[in-house]
Amino acid sequence: MKIATWNVNSLKVRLPQVLDWLAAQRPDVLCLQELKLEDKDFPLGEIAAAGYRAAVSGQKTYNGVAILARHEPQDIQRGIPGFDDIQQRIIGATVDDPSGPLRIVCAYIPNGQSVDSDKYQYKLRWLTALTAWLRGELEKYPRLALLGDYNIAPEDRDVHDPEAWKNQVLCSEPERDAFRALIGLGLSDVFRRFEQPEKSYSWWDYRMMGFRRNRGLRIDHILCSQTLAEHCTTCTIDKTPRKLERPSDHAPVIAELD
DNA sequence: ATGTCTCAGGGACTGAGA
């Protein structure tokens, strides 16, 4: 079972790359963020032709998330129950797996802009609501994975220049506390269960030749419940699509479960 | 270096968001 996440920064622009990547990697599940399109414009036909069904929560211009899977995702949940939010940032669904149903939660956690902005406060409130909701979800679904763009670099080793980023948005202590609260639910950052290359990142700013200089952050994560994490055999970041013409600023993250 | 990319509105370029 191969599960993956990718912030595509516009599915309209990136669809050819997504189709190529699905053909090359053949993941069983792919979580997408920043679709930047409405549900009616989601390319269900092309995705179906590639062998995938989709659960989608889109909106015009901004945000938007989807879960692609080989069979129709079931029991779809859009948004965090009880948390009023016009931004389409989260979708949950159950997908088939030979070892038993798998609960997938695909999240596009708010960016937060800067630590002194309203958007940062919204990010922290959003994370509190997510954590409270997931506590119950984990009881309901012991085989759960939370994949997405967290917009949080959990530790200094996830940051190309920790001094420059110290207390900045994506790296601040309240954000890292929120990430640790998710871990505290019993989730495991499966990337760190394995030996990884130094300076592994999943996002690089488009500016300043960020990718070429590997000035990146690791902000895209796959968190697995305890029962699932024990069956995780690898977790890698695929930098290949970031090297293409007109890339997303994010690279996909992939985990395999036996 | 306010450095790049995407989208919307409106019909060229600017602003928002990341």
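Residue numbering restarts at 1 for every chain, and letters A, B, ... go by the order of the sequence lines.
Other residues, nucleotides and ligands contribute over 12 non-hydrogen atoms within 6.0 Å of the CG atom of A/Asp258. At most 12 non-hydrogen atoms from other residues, nucleotides or ligands lie less than 6.0 angstrom from NZ of A/Lys166.
A gap of 13 Å separates the P atoms of B/dG3 and B/dT14, to the nearest Å. With C1' as the reference atom, B/dG11 and B/dC7 are 15 Å apart, rounded to whole Å. Here the separation of B/dG15 from B/dA1, taken at their P atoms, is 23 Å to the nearest Å. Taking atom P in both B/dG10 and B/dA16, the straight-line distance is 15 Å, to the nearest Å.
Atoms CZ (A/Arg14) and C1' (B/dT4) sit 12 Å apart, rounded to a whole Å. Between A/Arg89 atom CZ and B/dG17 atom P the separation is 11 Å, expressed in whole Å. As a whole-Å value, the separation of A/Leu37 CG from B/dG17 C1' is 16 Å. The CD atom of A/Glu34 sits 13 Å away from the P atom of B/dG17 (whole-angstrom rounding). Summarising the geometry, the separation between CG on A/Asp249 and C1' on B/dT6 is reported as 10 Å, rounded to the nearest angstrom. Atom P of nucleotide B/dA18 and atom OH of A/Tyr120 are separated by 15 Å, given to the nearest angstrom. One atom, CG of A/Asn7, and another, C1' of B/dT4, lie 15 Å apart when rounded to the nearest Å. Per the geometry, CD belonging to A/Gln88 stands 18 Å off P belonging to B/dC7, to the nearest Å.
A heavy-atom distance below 4.0 Å to DNA chain B is reached by these residues of residues 202-216 of chain A, ordered by number: A/Tyr206, A/Arg207, A/Met208. Of the residues in residues 105-114 of chain A, those placing a heavy atom less than 4.0 Å from an atom of DNA chain B are A/Tyr108, A/Asn111, in numerical order.
Legend: side-chain hydrogen bond (donor to acceptor under 3.5 Å, both in side chains) pairs involving residues 103-112 of chain A, not counting sequence neighbours, sorted by first then second residue: A/Glu34-A/Tyr108, A/Thr94-A/Arg103.
In terms of hydrophobic clustering, with Ile, Leu, Val, Met, Phe, Trp and Tyr side chains grouped at heavy-atom distances under 4.5 Å, A/Tyr62 and A/Val65 are assigned to different clusters.
Here the shortest heavy-atom pairing between A/Ser57 and A/Asp39 reads C-OD1, 3.7 Å.
Between A/Tyr62 and A/Arg246, the residue anchored nearer the 5' end of DNA chain B, judged by the nucleotide with its closest heavy atom, is A/Arg246. When the nearest nucleotides of DNA chain B are assigned to A/Asn151 and A/Ser10 by heavy-atom distance, the more 5′-ward of the two goes with A/Ser10.
Aromatic ring pairs are classed by plane angle as parallel below 30°, tilted from 30° to 60° and perpendicular above 60°; the pair A/Trp6 and A/Trp21 is tilted. Taking the six-membered ring where the residue is Trp, A/His250 and A/Trp203 present tilted rings, their angle falling between 30° and 60°.
For the OP1/OP2 pair of B/dG17 and a distance below 4.0 Å, the side-chain nitrogens and oxygens of A/Thr61 include no atom meeting the criterion. Phosphate contact (OP1/OP2 of B/dG9, side-chain N/O of A/Lys60, threshold under 4.0 Å): present.
Residues A/Asp156 and A/Arg176 are paired through a salt bridge, judged by an N-O separation under 4.0 Å between the basic side chain and the carboxylate.
The shortest distance between side-chain heavy atoms of A/Arg89 and A/Pro110 falls below 4.5 Å.
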Please evaluate residues A/Ser225 and A/Tyr141 with respect to the criterion side-chain hydrogen bond (donor to acceptor under 3.5 Å, both in side chains), reporting the C-alpha separation (whole Å), side-chain torsions for both, the decisive distance (0.1 Å), and the verdict. CA-CA 9 Å; A/Ser225 62; A/Tyr141 306 105; over 6 Å; no
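Of the candidates B/dG17, B/dC7, B/dT6, B/dC7 carries the atom nearest the A/Lys12 side chain, counting heavy atoms from C-beta on.
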